[in-house]
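Quick notes on the structure that follows.
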Amino acid sequence: MNYWLMKSEPDTFSIDDLKQRPKSTEHWDGVRNYQARNFMRDEMKKGDLVLFYHSSCKVPGVAGIAKIVKEAYPDHTAFDKNSNYYDPKSSEENPRWFMVDVKFEKKFKKVVTLKELKTFEELKEMKLLQKGSRLSIMPVTKEEFDFIQGLS
DNA sequence: GCCAACGTTGGC
DNA sequence: GCCAACGTTGGC
């Protein structure tokens, strides 16, 4: 089983939004970065756990936990001309972008903030904290996952 | 294949 | 709103 961190802008889609979806499940569309796509398409497995990270907001940080409930399949928003995520280079015959389904697992009582994360020696190696790291989907180790959950 | 120009991310 | 860092595009 693998562990991940997935970023979302809470003004657009927060952990509360995820919880409120039917079956507390939503497809993770709009990923348009090859590295993030490859993680999703090639390595994410059903049952993997996800740190749900709030980015580009007042208090960035890990807001809770979600779970992968469906493995990668073509991201249909890439086919939709009216979508912000439309990509003419992706077709149904040869899809370029993929998404997974993610289910709400739990919300932390308080957000484990980015500021806080930066203070721990144990998390020094985290991809999230590396300079210039901007990936919206990245792997975390079991140790990092457990440690962060322990902070909540 | 190089690289300049441009676009995006995301913390601050 | 600024800007550093990184990704993508496209001319050559």
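Predicted model, so just to flag it, every value in this text is computed and none were measured. By convention in this document, chain letters (A, B, ...) are assigned in the order of the sequence lines, proteins followed by strands, and residues within each chain are numbered from 1.
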Point to revise | Distance test, side-chain N/O of A:K7 to OP1/OP2 of B:dG10, below 4.0 Å | key: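 Yes, within the criterion.
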Within the structure shown, what part of the strands sits under 4.0 Å from [X] by heavy-atom distance: base, sugar-phosphate, or nothing?
| X | result |
| --- | --- |
| A:K115 | nothing |
| A:K89 | sugar-phosphate |
| A:Q35 | sugar-phosphate |

[X] [atom1] to [N] [atom2]: how many Å, rounded?
| X | N | atom1 | atom2 | value |
| --- | --- | --- | --- | --- |
| A:M6 | B:dG10 | CE | P | 13 Å |
| A:L129 | B:dG11 | CG | C1' | 12 Å |
| A:D11 | B:dT9 | CG | P | 15 Å |
| A:Q130 | B:dG11 | CD | C1' | 15 Å |
| A:K58 | B:dG10 | NZ | C1' | 17 Å |
| A:L135 | B:dG10 | CG | P | 9 Å |
| A:K131 | C:dA4 | NZ | P | 10 Å |
| A:K118 | B:dG11 | NZ | P | 8 Å |

Exercise for review: State which residues pass side-chain hydrogen bond (donor to acceptor under 3.5 Å, both in side chains) with A:N33; sequence neighbours excluded, sorted by chain then number.
Suggested key: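 A:N33 satisfies side-chain hydrogen bond (donor to acceptor under 3.5 Å, both in side chains) with no other residue.
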Check your understanding: What's the verdict on salt bridge (Lys or Arg N to Asp or Glu O under 4.0 Å) for A:R37 and A:D75, showing C-alpha distance, side-chain angles and the deciding distance?
Key -> CA-CA 10 Å; A:R37 177 203 67 182; A:D75 181 343; over 6 Å; no
Practice item. Find the distance between CG (A:D80) and OG (A:S90) and round it off to the nearest 0.5 Å. Key: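 If we round to the nearest 0.5 Å, A:D80:CG and A:S90:OG are 12.0 Å apart.
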**Study point:** Carboxylate-amine/guanidinium contact A:E71 A:K46, below 4.0 Å
**Key:**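 Here A:E71 does not pair with A:K46 in a salt bridge, since their nearest N and O are not under 4.0 Å apart.
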**Study point:** Charged N-O contact under 4.0 Å between A:K67 and A:D48
**Key:**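 No.
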Exercise for review: List for me each residue that meets ring-ring contact (aromatic ring centres under 6.0 Å, His included) alongside A:F52, sequence neighbours excluded, and say none if there are none.
Suggested key: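 So A:F52 forms a ring-ring contact (aromatic ring centres under 6.0 Å, His included) with A:W28, A:H54.
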Review point. So, do A:F147 and A:F120 have ring centers that fall under 6.0 Å from each other?
Key: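 Yes - the distance between ring centres of A:F147 and A:F120 falls below the 6.0 Å cut-off.
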Atom pairs under 3.5 Å: protein N/O with N/O of nucleotides 6-8 of chain B:
residue : atom : partner : partner atom : Å
B:dT8   : O2   : A:R134  : NH1          : 2.8

